[in-house]
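Below is one structure, written out as structure tokens; the observations come after it.
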Amino acid sequence: MHTYPTNQIQTKQHFLILDGLRGVAAISVVVYHFMEFVVPDYHENFIAHGHLAVDFFFCLSGFVIAYAYDHRIEQIGITNFLKLRFIRLHPLVIIGAIIGLITFIFDPFSNLYSQYAGSQTLLMFVTSCLLIPFQMVPERYYNFFHLNPPTWSLFWEYIANIFYVLVLFKLKNKIIWILVAVAAILLCYETYLSGYLGVGWGGDNFWGGGIRIFYSFLAGMLIYRSKWIIASKLGFISMSCLLLLAFLIPFADQSNYFADPITVLLYFPLLISLGAGASLSKGLTKICKFLGDISYPLYMIHYPFMWLFLSYIEANKPTMRQMVVAIPVGTILLIGLSYLVMVFLDVPIRNYLKGKMLGKKLTHQQ
């Protein structure tokens, strides 16, 4: 979600439970997107608030960025900070766009590509790679980034990172508090207008994405700066259950107006505070590291396969039993593919870019 720190953070304490929770949130997003097509009515969807995982990512991003860079920006400089974030985030933006392009062109269950062949498809691909919102394909919900819809959150992640290095890291906590209060009001107002917080991905809800990251990123920064790390005996399993509770809140028109804001304004910051101070048993260390490692690749490559799944549903009308089986199988396969993409594409590309774009001293620190 893009809430993914550079390896620079490893020179300090590393919050492995937060890594694990990021992976749990990413897997929840995958299941949520499967379920959107299996059970389109959110009122009947068991993970109907999976969209809030993005807000968790944004809050975790603010915490991690402040933790990793608040005391190092002046040392590494604005340009190097932006290079570091580009190297960490952008390879998977392009990889996701390429996968989206391939699955769009060679979708065996749909001829949708024939309606957009040529310059329109090329334009969708270029804008996806460059993080330029470009609405197209009304047949598929008019996403800003049709080839890989989750890219919308990366657009806002970049905006937040730019604001952080130019302005936010210089601000005193009192100013951050004022901005958080303003952002909280805007978030509640957006929920009132839209009925819930699943906004930012397209249509007329573009600015909703900015409001979501405006609050959550700043809240994450404050958690770190205020040292709100709550030591407890809660472990990774307990923390994962607490996180999943947020996504399993029943979808109800009457309660979304307060359930979504309360979750984002209070519950997610609390979880990050608890997760940063929770205890991790040695037996779960590798699991948390694995989940953290695959979280960003999984988030950035899964959705093109959701389009294939939707095309399959439209063409073959599978039974509910078949679709229910497809969800866990598909999720496991996507986790495996994400791991392969990370090992054979993302990590090698990032290592190459570090050697080319960063000075030797900074590269060594990574």
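Excluded from the calculations below are hydrogen atoms, water molecules and symmetry mates; all remaining heavy atoms, backbone and side chain alike, are included. Being a predicted model, the structure only gives us computed values, none of them experimental.
Here salt bridge (charged side-chain N to carboxylate O under 4.0 Å, His left out) pairs that include residues 28-57, with residues two or more places apart or in two chains, are D55-R212.
Y196 and I249 are members of different hydrophobic clusters when ILVMFWY side chains are connected at heavy-atom separations under 4.5 Å. By the criterion of side-chain heavy atoms lying less than 4.5 angstrom apart, applied directly or through intervening Ile, Leu, Val, Met, Phe, Trp or Tyr residues, I87 is grouped together with I78 in one hydrophobic cluster. Linking ILVMFWY side-chain heavy atoms closer than 4.5 Å, directly or via other members, places L244 and Y42 in a single hydrophobic cluster. Under the 4.5 Å side-chain heavy-atom criterion for Ile, Leu, Val, Met, Phe, Trp and Tyr, M221 and I175 are members of the same hydrophobic cluster. Connection of F37 to V329 is not established within any shared hydrophobic cluster, with ILVMFWY side chains joined at heavy-atom distances below 4.5 Å, either directly or through further cluster members.
Aromatic ring orientation, Y303 versus H33: perpendicular (interplanar angle above 60°, classes split at 30° and 60°). Under the 30°/60° scheme for interplanar angles, the aromatic rings of F34 and F309 are found to stand perpendicular. Using a 30° and 60° split on the angle between ring planes, H146 and W307 fall in the parallel class, below 30°. Between W207 and W156, the ring planes lie tilted relative to each other; the angle falls in the 30° to 60° range. Ring geometry for F104 against Y116 counts as tilted: the plane angle lies between 30° and 60°, on a 0 to 90° scale.
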Under the side-chain contact (heavy atoms from CB on, under 4.5 Å) rule, what do Y158 and L89 come out as? Steps first, then yes or no, please. CA-CA 9 Å; Y158 267 87; L89 299 174; 3.9 Å; yes
Let me see the working for R140 and S110 under side-chain contact (heavy atoms from CB on, under 4.5 Å), right down to the final yes or no. CA-CA 12 Å; R140 293 289 171 86; S110 171; 4.3 Å; yes
Please assess K289 against D19 for the test side-chain contact (heavy atoms from CB on, under 4.5 Å), listing each intermediate value before the final yes or no. CA-CA 6 Å; K289 183 180 185 308; D19 283 349; over 6 Å; no
Step by step, work out the side-chain contact (heavy atoms from CB on, under 4.5 Å) result for F145 and N143. CA-CA 5 Å; F145 300 94; N143 286 276; 5.7 Å; no
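With hydrogens and angles ignored, the 3.5 Å screen pairs a side-chain donor or acceptor of S273 with a backbone N or O of W228. Here the side chain of N161 pairs a donor or acceptor atom with the backbone of E157 at under 3.5 angstrom. In terms of modelled atom types and a separation under 3.5 Å, the side chain of K227 and the main chain of Y224 share no donor-acceptor contact. A side-chain donor-acceptor contact under 3.5 Å links T151 to the backbone of N148. With hydrogens and angles disregarded, no donor-acceptor distance shorter than 3.5 Å links the side chain of S226 to the backbone of I223. Remark: side-chain polar atoms of H90 are paired, donor with acceptor, to backbone N or O of C129 under 3.5 angstrom. Although no hydrogens or angles enter the test, the distance criterion places a donor-acceptor pair under 3.5 Å between the side chain of S279 and the main chain of S232.
Heavy-atom neighbours of E74 CD from other residues, nucleotides or ligands within 6.0 Å: at or below the threshold of 12. In this structure, F206 places its CZ atom where more than 12 heavy-atom neighbours from other residues, nucleotides or ligands lie under 6.0 Å away. With a 6.0 Å radius and a threshold of 12 heavy atoms from other residues, nucleotides or ligands, Y189 has its OH atom at or below the threshold. Counting heavy atoms of neighbouring residues, nucleotides and ligands inside a 6.0 Å radius, atom CZ of F134 exceeds 12 of them.
The minimum heavy-atom distance linking V199 with S194 is given by the pair CG1-OG, 3.6 Å. P304 approaches T103 most closely through the heavy-atom pair CB-OG1, 3.3 Å. The shortest non-hydrogen separation linking C288 to L16 is CB-O, 3.4 Å. A pairwise comparison of heavy atoms in D107 and F109 identifies OD1-N, 2.9 Å as the closest pair. Among all heavy-atom pairs drawn from A26 and S295, the shortest one is CB-O, 3.6 Å. Listed here is the closest heavy atom pair of S255 and P250: OG-O, 4.4 Å.
In this structure the side chain of F81 reaches within 4.5 angstrom of the side chain of Y69, judged on heavy atoms. When side chains are defined from C-beta on, H302 counts as touching P150, because their heavy atoms get closer than 4.5 Å. Using a 4.5 Å cut-off on side-chain heavy atoms (C-beta onward), F247 and V31 make no contact. Under the 4.5 Å side-chain criterion, counting only non-hydrogen atoms from C-beta, F236 is not in contact with L234. Here the side chains of F217 and L168 are in contact, with some heavy-atom distance below 4.5 Å.
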